[in-house]
Amino acid sequence: TQTVTYDPGFMNTANARSAITYIDGEAGILRYRGYPIEDLAKNSSFLEVAYLLIYGELPTGDQLTEWDENIRDHTMLHEDIKDFFNGFPRNAHPMAVLSSAVSALSTFYADSLDPFDEEQVHISTIRLMSKVPVLAAYAYKKSIGQPLLYPDNSLNLTENFLRLTFGVPTEAYELDQDVVDALDMLLILHADHEQNCSTSTVRLVGSSHANIFGSISAGINALFGPLHGGANEAVLNMLDEIRDEGTSPEDFMEKVKNKESGVRLMGFGHRVYKNYDPRARIVKGTAEKILNKLGAGDERLEIAMRLEEKALNDDYFVERKLYPNVDFYTGLIYSAMGFPPRMFTPLFALGRLPGWVAQYREMIDDKETRIGRPRQVYVGQDLRRY
Ligand code: CMC
């Protein structure tokens with residue numbers, strides 16, 4: 001008989017061999033293709049990092065230009081995709097709209113869905129990189145009743161996304177270089193994180209040879225959950241609540257420590273990082289800089305810092321090795337940039353996109369990949385007669 005290992009949450013089961021991202025959770029190390037996240041955050045751009053993740057090497061100058069131009073060339077959506085946006089209720093969550101729209105891309109590009117055809121995978125990669133930012137911005141525009149702008153291909157991906165999100169047709173949109181740089185850096189920090197829930201979802205769906213749009217749409221839905229990408233939105237809601245109800249950080253911490261309350265300190269804890277999350281350190285520095293410039297006096301930064309300080313000195317958190325994760329401060333930055341909480345997780349999706357694409361392609365190219373099919377431990381009834 002075959003033995004089956006019971007491993008809920010895949011704590012000890014590797015489902016993939018991967019050469020993309022390296023994490024040492026004990027030492028707080030994160031590297032994309034060997035490059036430390038700190039170096040990339042400081043010196044690189046989101047487009048360059050996306051290329052690195054997907055193709056394995058940093059692009060040469062010419063390769064980067066070609067990659068950038070290709071992505072600019074494909075920003076336009078089929079006009080009929082826009083009808084989609086009219087079909088959803090006005091208060092639809094942009095993550096639900098985004099996953100639906102990405103899934104629908106497979107109907108518009110039905111001639112390029114073969115995961116084993118290099119050309120088709122290439123064009124689908126470009127289309128995803130170009131169109132997902134546009135779809136995310138449109139989901140937002142619809143929710144506030146503003147007209148959808150056409151992309152401006154004189155702008156790069158990050159700039160275009162900001163303009164499509166905040167621009168209106170009646171006046172020129174002025175980019176703030178500090179905001180562009182900070183957002184680009186945050187997208188780099190989110191670009192991959194090895195076999196997290198959404199990436200594993202993309203791989204599992206893709207392992208049945210499902211097309212890349214459908215697989216990534218499934219990943220977007222996985223990311224939507226509050227324990228995963230939804231945490232950044234949950235952090236801001238938590239800070240809002242503490243501020244609005246005048247709860248002291250001390251009282252809030254007591255509630256968190258009382259398991260029966262069911263309240264977690266959102267933005268804290270990580271399955272892999274048990275020392276600190278290297279991304280959180282970078283984000284905290286940016287939060288202070290951007291909030292000084294844009295959101296001076298945001299009381300929530302104070303609250304967040306006090307919560308962090310309390311947690312880092314509290315036995316409950318120390319014993320469980322709970323540290324701030326990447327999401328603890330990102331929401332505050334996004335908020336200062338003008339994004340409503342509902343757009344935070346779509347921003348995470350935008351950042352994670354190249355990681356999903358890279359992992360999907362690696363999975364398809366790996367000769368050892370088999371269809372994902374976990375086993376179970378059956379705990380139901382023995383034979384019964386009807
Ligand atoms: N607040 C309070 N207690 C916590 C927290 C928290 N944020 N996180 C974990 N714990 C406790 C948990 O109750 C458990 O205690 P005990 O051993 O007494 O039962 C212990 O710490 C271990 O937690 P776990 O839930 O078994 O750990 P996990 O590896 O299954 O979960 C996690 C990891 C990130 C889902 C969890 O820490 C969490 O829910 N954090 C809050 C949500 C969050 O910030 N998520 C974003 C993660 S980073 C971005 C991303 O990858 O999406």
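Just so you know, ligand 1 is whichever comes first in the structure, and atom 1 is the first atom listed for that ligand. Throughout, residue positions are numbered sequentially from 1 according to the sequence presented.
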Nearest protein heavy atom to atom 43 (C) of ligand 1, by residue and atom, and its distance? Ala231 CB, 3.5 Å
With a cut-off of 4.0 Å, which atoms of ligand 1 are near a heavy atom of Asp327? 46 (C), 49 (C)
For atom 42 (C) of ligand 1, which protein heavy atom lies nearest, and how many Å away is it? Met266 CE, 3.5 Å
Closest approach of Arg203 to Arg17 (non-hydrogen atoms, all atoms of both residues): NH2-O, 4.3 Å
Protein residue, atom and distance nearest to atom 1 (N) of ligand 1, heavy-atom basis: Leu265 N, 3.0 Å
Proximal atoms of ligand 1 relative to Gly229 (non-hydrogen, under 4.0 Å): 52 (O)
Any non-hydrogen protein atom below 4.0 Å of atom 12 (C) of ligand 1? yes
Give the residue, atom name and distance (to 0.1 Å) of the protein heavy atom nearest atom 51 (O) of ligand 1. His228 ND1, 3.6 Å
Is the shortest side-chain N to carboxylate O distance from Lys289 to Asp178 below 4.0 Å? no
Could you check whether Arg320 makes a cation-pi contact with Tyr316, meaning its NZ or CZ is under 6.0 Å from the centre of the six-membered ring and within 45° of the ring axis? yes
Between Phe166 and Phe339, is the ring centroid distance below 6.0 Å? yes
If you count every heavy atom of other residues, nucleotides or ligands that lies below 6.0 Å from Glu119 atom CD, does the total exceed 12? no
Just go through His270, Met11, His190, Glu319 and tell me whose heavy atom is the nearest to atom 48 (S) of ligand 1. His270
Using a heavy-atom cut-off of under 4.0 Å, does the side chain or the backbone of Tyr316 touch ligand 1, or both, or neither? side chain
Contact (N/O only, under 3.5 Å) between Arg271 and ligand 1: yes
Selection residues 225-246 - residue pairs positive for salt bridge (Lys or Arg N to Asp or Glu O under 4.0 Å), sequence neighbours left out: Asp240-Arg243, Asp240-Arg300
Is the gap between the ring centers of His270 and His193 under 6.0 Å? yes
Taking side chain as C-beta onward, heavy atoms only, is Leu149 less than 4.5 Å from Tyr138? no
Among all protein heavy atoms in this structure, tell me which lies nearest to atom 23 (O) of ligand 1, with the distance rounded to 0.1 Å. Arg264 NH2, 4.3 Å
Tell me the contacting part of His193 for ligand 1: side chain, backbone, both, or neither, using a 4.0 Å heavy-atom threshold, strictly below. neither
Not counting sequence neighbours, which residues clear ring pair (Phe, Tyr, Trp, His ring centres under 6.0 Å) with Tyr378? List them please. none
Starting from atom 40 (N) of ligand 1, find the nearest protein heavy-atom neighbour and note its residue, name and distance. Phe268 O, 2.9 Å
One should read off an interatomic distance between Phe213 CZ and Thr107 OG1, to the nearest 0.5 angstrom, of 9.5 Å
Distance from atom 16 (P) of ligand 1 to nearest protein heavy atom, with residue and atom: Lys259 NZ, 3.1 Å
What I want to know is whether Leu227 and ligand 1 share at least one N or O pair that is separated by under 3.5 angstrom. yes
Lys/Arg N to Asp/Glu carboxylate O, Arg31 vs Asp24, below 4.0 Å: no
Any protein heavy atom at under 4.0 Å, with atom 26 (O) of ligand 1 as the reference point? no
Can you hop from Tyr276 to Val283 via hydrophobic side chains spaced under 4.5 Å? no
The atoms of ligand 1 lying under 4.0 Å from a heavy atom of Gly267, numbered in the order shown, are 43 (C), 44 (O)
Side chain, backbone, both or neither: which part of Asn196 has a heavy atom under 4.0 Å from ligand 1? neither
Relative to the heavy atoms of Arg320, which atoms of ligand 1 are at a distance of less than 4.0 Å? 11 (C), 15 (O), 16 (P), 17 (O), 18 (O), 20 (C), 21 (O)
What protein heavy atom sits nearest atom 10 (N) of ligand 1, and how far away is it? Leu322 CD1, 3.6 Å
